[in-house]
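A short worksheet on the structure shown next.
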Amino acid sequence: MSQTHLRQRFKSAPVGITRRTVRFWPLLALAMIAACASIPPPKAELAVAEAAVVNATNAGALQWAPAELRTAQDKLARAQSAMNAKENGKALSLANEASADAQLAAAAARAAKAQRTADEVQEANRVLREELNRKQAAPVTRTP
């Protein structure tokens, strides 16, 4: 098909591919690769993830949510390794995941503690009810 025939068929299409266009695409590809590689080191995100892991540990995650805490610690270590290897995109992703996992561990620990406290209160109420029932069922003896 000739170029004029194509123009008639696709009137809104561009005129055609020229040598200038062919030279443009490799430059665009290089620019895109450079843009992806220019992600700055995620130092702030790593600091946030570290703080979240410390917070989860202080919340009792080591006892109440050890699997979630271990996952967060593992992802944090992998994020630090990725940043040291200049894989900043991977490091950023892992740091964000570590933060989320640490927050999950902290929430799970708090929930487990709250459940334990609720169970203790419920048991104390049961003992008090039994004592009250025992006192009500016991005959009242009066001394003259």
Any side-chain heavy atom of Trp64 within less than 4.5 Å of one from Arg110?
-> no
Apply side chain to side chain donor-acceptor pair (under 3.5 Å) to Glu131 and list each qualifying residue two or more places apart in sequence or on a separate chain.
-> Arg134
Each residue besides Leu132 in its hydrophobic cluster should be listed here, by chain and number; the cluster joins Ile, Leu, Val, Met, Phe, Trp and Tyr at side-chain heavy-atom distances under 4.5 Å.
-> none
Residues clustering with Val121 (ILVMFWY side chains joined when closer than 4.5 Å, directly or via others) | none
Would you be so kind as to tabulate the donor-acceptor pairs closer than 3.5 Å made by side chains of residues 70-79, with sequence neighbours excluded?
from  : atom 1 : to     : atom 2 : distance (Å)
Thr71 : OG1    : Ala67  : O      : 2.9
Asp74 : OD2    : Arg78  : NH1    : 3.4
Lys75 : NZ     : Glu97  : OE1    : 3.2
Lys75 : NZ     : Asp101 : OD2    : 3.0

Distance (rounded to the nearest 0.5 Å) between Ser99 OG and Leu94 CG = 11.0 Å
Which side-chain N or O atoms in residues 41-62 pair as donor and acceptor under 3.5 Å with protein atoms at least two apart or in another chain?
from  : atom 1 : to    : atom 2 : distance (Å)
Glu50 : OE2    : Gln80 : NE2    : 2.7
Thr57 : OG1    : Val53 : O      : 2.9
Asn58 : ND2    : Val54 : O      : 3.4

Would you please name every residue forming a side chain to side chain donor-acceptor pair (under 3.5 Å) with Asn125, sequence neighbours left out?
-> none
For Gln115, which residues count as a side chain to side chain donor-acceptor pair (under 3.5 Å) partner, sequence neighbours excluded?
-> Asp119
Residues passing the side chain to side chain donor-acceptor pair (under 3.5 Å) test with Glu123, sequence neighbours excluded, are Arg126
